[in-house]
Amino acid sequence: MNISYSEFLEKVKDKLSWVADEVDFVYPYSTIDGLYKNCKVTYHSWTAGFYGGIMWYMYRLTKDDKYKKTGKASGDNVDRVLKEFIEISHDLGFQFLCTAVAENIIDGDETAKNRAIRAATLLAGRFNPVAKYIRAWDDNPYIDGDVSKKGYAIIDCMMNLPLLYWASNETEDPRFRQIANIHADTVIKHFIRPDGSSNHIVDFDSETGDVVATPAGQGYAVGSAWTRGQAWAIYGFAMAYHYTGKQEYLDTAKRVAGYFIDHMNEEYIPIDFAQPKEPAYQDTSAAAICACGLLEIMKYVSGDEKEFYGKCVDRLMNILYNNCDFTKDDQAILQNCSGMYHCGQDNIHIPLIYGDFYLLEALIRLNGGDVLFYTED
Ligand code: GLY
């Protein structure tokens with residue numbers, strides 16, 4: 001990479017400025033032929049808040065009202081899911097942290113705070129108090145037939161926990177934090193393997209908490225290491241440490257980071273660290289999320305350890321820069337993200353909105369800024 005992180009951030013901001021003028025709906029997911037409007041997903045998607053999050057970051061950076069307008073519209077869109085009460089999942093964290101919580105913190109909107117606390121209450125309501133996990137998804141007979149997901153918890157949920165920690169801080173009610181901590185403890189016990197890699201899904205007996213199975217999920221195979229899942233674990237545990245100060249959470253973030261770093265190469269980040277060498281599928285979104293996770297860990301370490309993680313971030317940012325499209329040919333910036341390993345070619349090597357979100361977040365951190373939804377000092 002032959003430019004500085006401040007120049008890199010400026011290039012991203014320049015692109016997002018014209019994209020914000022062109023993109024007139026509030027939950028873009030990916031582009032087809034360079035345009036977000038060609039690739040619509042439903043507004044219930046777990047990704048529906050990320051464009052709003054990008055807009056709030058851009059508003060924080062520029063104070064240009066065009067971003068605030070779209071950020072607010074994105075929050076209204078996400079709130080429809082709660083009003084209609086359909087397709088609710090554990091991803092309320094992603095959806096509301098990027099929109100309502102950001103809106104409350106950046107713009108001071110009190111109704112946004114209420115919306116986010118309502119979302120946190122529903123997320124807490126997904127907690128199974130006997131088996132000690134937050135249920136990921138509801139059953140969907142149209143997709144899964146008669147397979148029940150009542151025992152499913154997934155590693156991605158680590159990144160939804162900050163909504164619960166935020167809600168405890170706002171309400172001074174420890175229940176949200178307690179649920180987040182119990183879930184995180186379950187993840188340490190049943191998801192994280194001795195080598196520092198993680199299962200994507202654990203299917204629990206919802207009456208006893210016994211592990212029934214560990215399905216492959218979005219990764220290559222049972223027992224493999226879905227790369228974005230490793231990144232969610234790194235970032236999620238580092239954030240859990242930010243909110244709780246529990247040493248075990250920081251240690252776990254470092255342990256999973258160690259696995260990620262030991263298995264990454266300089267050229268590309270695969271979809272799964274255990275996938276075959278060919279085809280050389282990659283997922284740049286995992287690189288962006290991992291960079292953010294390492295930058296969070298770096299806040300709590302010093303000396304050689306900090307320098308080591310800093311060098312790993314540089315390697316990841318180099319991969320990310322090599323995959324950026326700064327032209328007007330595509331409304332998305334980060335290319336070569338992948339949704340999952342086994343879901344067809346149209347979900348592999350595409351832009352994904354959360355790739356751009358975490359790329360921007362990493363660059364903001366590298367330029368002295370902090371996370372969108374951490375309460376500003
Ligand atoms: N949270 C789903 C994913 O990372 O694809």
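Just so you know, ligand 1 is whichever comes first in the structure, and atom 1 is the first atom listed for that ligand.
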Undergrad: Judging by distance only, is a nitrogen or oxygen of Asp156 under 3.5 angstrom from one on ligand 1?
TA: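 N/O-N/O distance under 3.5 Å: yes.
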Undergrad: Roughly how far, to the nearest 0.5 Å, is the CG atom of Leu295 from the OH atom of Tyr309?
TA: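 Going from OH on Tyr309 over to CG on Leu295, the span is 12.0 Å.
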Undergrad: For ligand 1, which atoms have a heavy atom of Trp232 less than 4.0 angstrom away?
TA: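 Ligand 1 atoms under the 4.0 Å threshold to Trp232: 3 (C), 4 (O).
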Undergrad: Do we get Lys63 above Tyr59's six-membered ring, with its NZ or CZ under 6.0 Å from the centre and within 45° of the axis?
TA: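 Because its charged atom sits under 6.0 Å from the ring centre and within 45° of the axis, Lys63 does stack over Tyr59.
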Undergrad: Is the CD atom of Glu22 crowded by more than 12 outside heavy atoms at less than 6.0 Å?
TA: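 Counting neighbours around CD of Glu22, more than 12 heavy atoms of other residues, nucleotides or ligands fall under 6.0 Å, so yes.
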Undergrad: N/O of Arg228 under 3.5 Å from N/O of ligand 1, yes or no?
TA: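 In this structure, Arg228 places an N or O atom under 3.5 Å from an N or O of ligand 1.
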Undergrad: At under 4.0 Å between heavy atoms, is it the side chain or the backbone of Met340 that contacts ligand 1, or both, or neither?
TA: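 The answer is neither; Met340 stays 4.0 Å or more away.
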Undergrad: If hydrophobic clusters are built by linking Ile, Leu, Val, Met, Phe, Trp and Tyr wherever their side-chain heavy atoms come under 4.5 Å apart, do Met340 and Tyr354 end up in the same one?
TA: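 Cluster IDs for Met340 and Tyr354 differ.
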